[in-house]
Amino acid sequence: MTDPELSPAAPGHPELSPVTPAGHAEPSPAAPGGGTEPVIVRALVARGSGAELRVERVRLPAPGPGEVRVTIRAAGVCHSDLSMVNGTLAARFPLVLGHEATGVVAEVGPGSQLTVGTPVVLNWAPACRACWWCRRGEPWLCADTTAPTVPRGETDDGVPLHLTLGLGALAEAVVVPERAVIPIPAGLPPEQAALLGCAVLTGVGAVRNTARVTPGESVAVVGLGGVGLAVLSAARRAGATTILAIDVAEAKRDLALAAGATDFLLSDDRLSKEVRARTESRGVDHAFECVGRAATIRAAWRLTRRGGAVTVVGMGAKDDMVSLGALDIFHSARTLRSSVYGSSDPDREVPVLAAELADGTLDLGVLVSGTVPLDEAPAAFDRLARGEGARWVVTLD
Ligand SMILES: [Zn+2]
Ligand SMILES: [Zn+2]
C-alpha cells in the first residue's frame, strides 16, 4: 500500500458532494434494485489515534457517476488498519477501517458498466490506466490511484468521514469508484474471498511477481501474520524446497507448517545459525520481510545468501531507519527491494486467484483463524495486536 503522506492528491477523484436528497442534483436514472438516496450503514470507526474502536452509524452518499455501492459480505482485519489506529502510519479521523473485503454490487451510479448482484472483491489501489507507470505495465505504482485522504460520507453527527485506503470496508456497505471493484465468480466462501484483496494478492504477488521464486530455491519468511502465511503457501506452490517460517511467537509454529513451511524457527539470537544449518551454510535464496520494521529488514538481510534477494512486503514507519554497512552491501551482492501490493495488476490477478479458489487449487482455510460479526471487530483488532492467529475476518449478513 502507499504511504498516505506521500500520495499525490488524486486529480481524477470526484469531488465530495454534500449529501443531497435524490433529485436535488442533476437527475440520474435510478439503478435497478437501488435508489439515488444516501444510505445509513453501520461501520467500524476510529475517532482518533489510539482511540477505542466503535461500531457507528454512518451516512454514505449515493453512488455518483462511475461509482457503485457494494454490500459487504466479509472483510479481513489487516495489520495496516491497526497501523493507522496506533499511529505507525499517518491517518485522518474519523476513519472507517477496513480495506480487504468482498461483497455484492447493490447499486450503480450513472454510466457504470457493472450489474447489480455481481460478486466483487475490493481493490485498494485501483489503477488509472493512463499515467506513466500504468502505461509501462506497473499499475501497482499508479500515480493517480484513489487518494486515501479524500473524505466521503459523514458520521451520524455530521463530521466528514475518512476511509482507509479509499474503501472503509469494515462496514455494511461502501460507495467506491467502479474501478475499485473486481468481479469474481459467485459461490466462493466470503471469508476466504475477502483475503484476495490484500493479504493473498500481496503474498502471492511477492513470490510470483517480485521475487520470482523458482522450483528448488530456498525461502525464509519473517513475520507470520496473514501476509506472511500467504507468502509461505505461495512459496510452496512455486516449488521452493526449503521454506523457513520465522516469528517471535512459538504459537505460530503449527499455522506455519500447515501453510506450507518446511521448518519453523523462533526469531532469537540463534536465528542466523539455524538458517545457515539448513542452507549448507549459505543463507536462503530469498528472504521475505512481512513485518515492516527496520530490525526485521536487517534480520532478513542477514539470513540471505550472497547474491540472494530480500523482498520487503511489510509496510513500516517512515522514521524507522534501516542501517546497512556500505562494504556489506557491496560484498554481499544482495538485492533489497519492496513489493507494493504484490507488484500485481489486481484486475488481472484477482480473477485468476478467485478461479483457483473456486477449483480448489488455492485453499485459504488455514489463513482464516475465525469469523466474527461486526460488533466484535474491536476484539478482533485486540487479537491482531497480540499476534494471535492468522487472519480474523468480519462477516456480515
Ligand atoms: Zn491489508
Ligand atoms: Zn496510473
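The chain is numbered in sequence order, starting from 1. Counting starts at 1 for both ligands and their atoms, following the listed order.
- The number of heavy atoms from other shown groups lying within 6.0 Å of CZ (Arg337) is above 12.
- The SG atom of Cys131 and the SG atom of Cys142 meet at the Zn ion (ligand 2) at an angle of about 120°, given to 10°.
- Here the side chains of Glu349 and Leu201 are in contact, with some heavy-atom distance below 4.5 Å.
- Taking backbone and side chain together, His79 holds no N, O or S atom under 2.8 Å from the Zn ion (ligand 1).
- Formation of a donor-acceptor pair under 3.5 Å by the Thr311 side chain with backbone atoms of Ala206 is not found in this model.
- When SG of Cys128 and SG of Cys134 are joined through the Zn ion (ligand 2), the resulting angle is 120° to the nearest 10°.
- A heavy-atom distance below 4.5 Å is not found between the side chains of Thr242 and Val284.
- Geometry about the Zn ion (ligand 1) gives an angle of 110° between SG of Cys78 and NE2 of His99, rounded in steps of 10 degrees.
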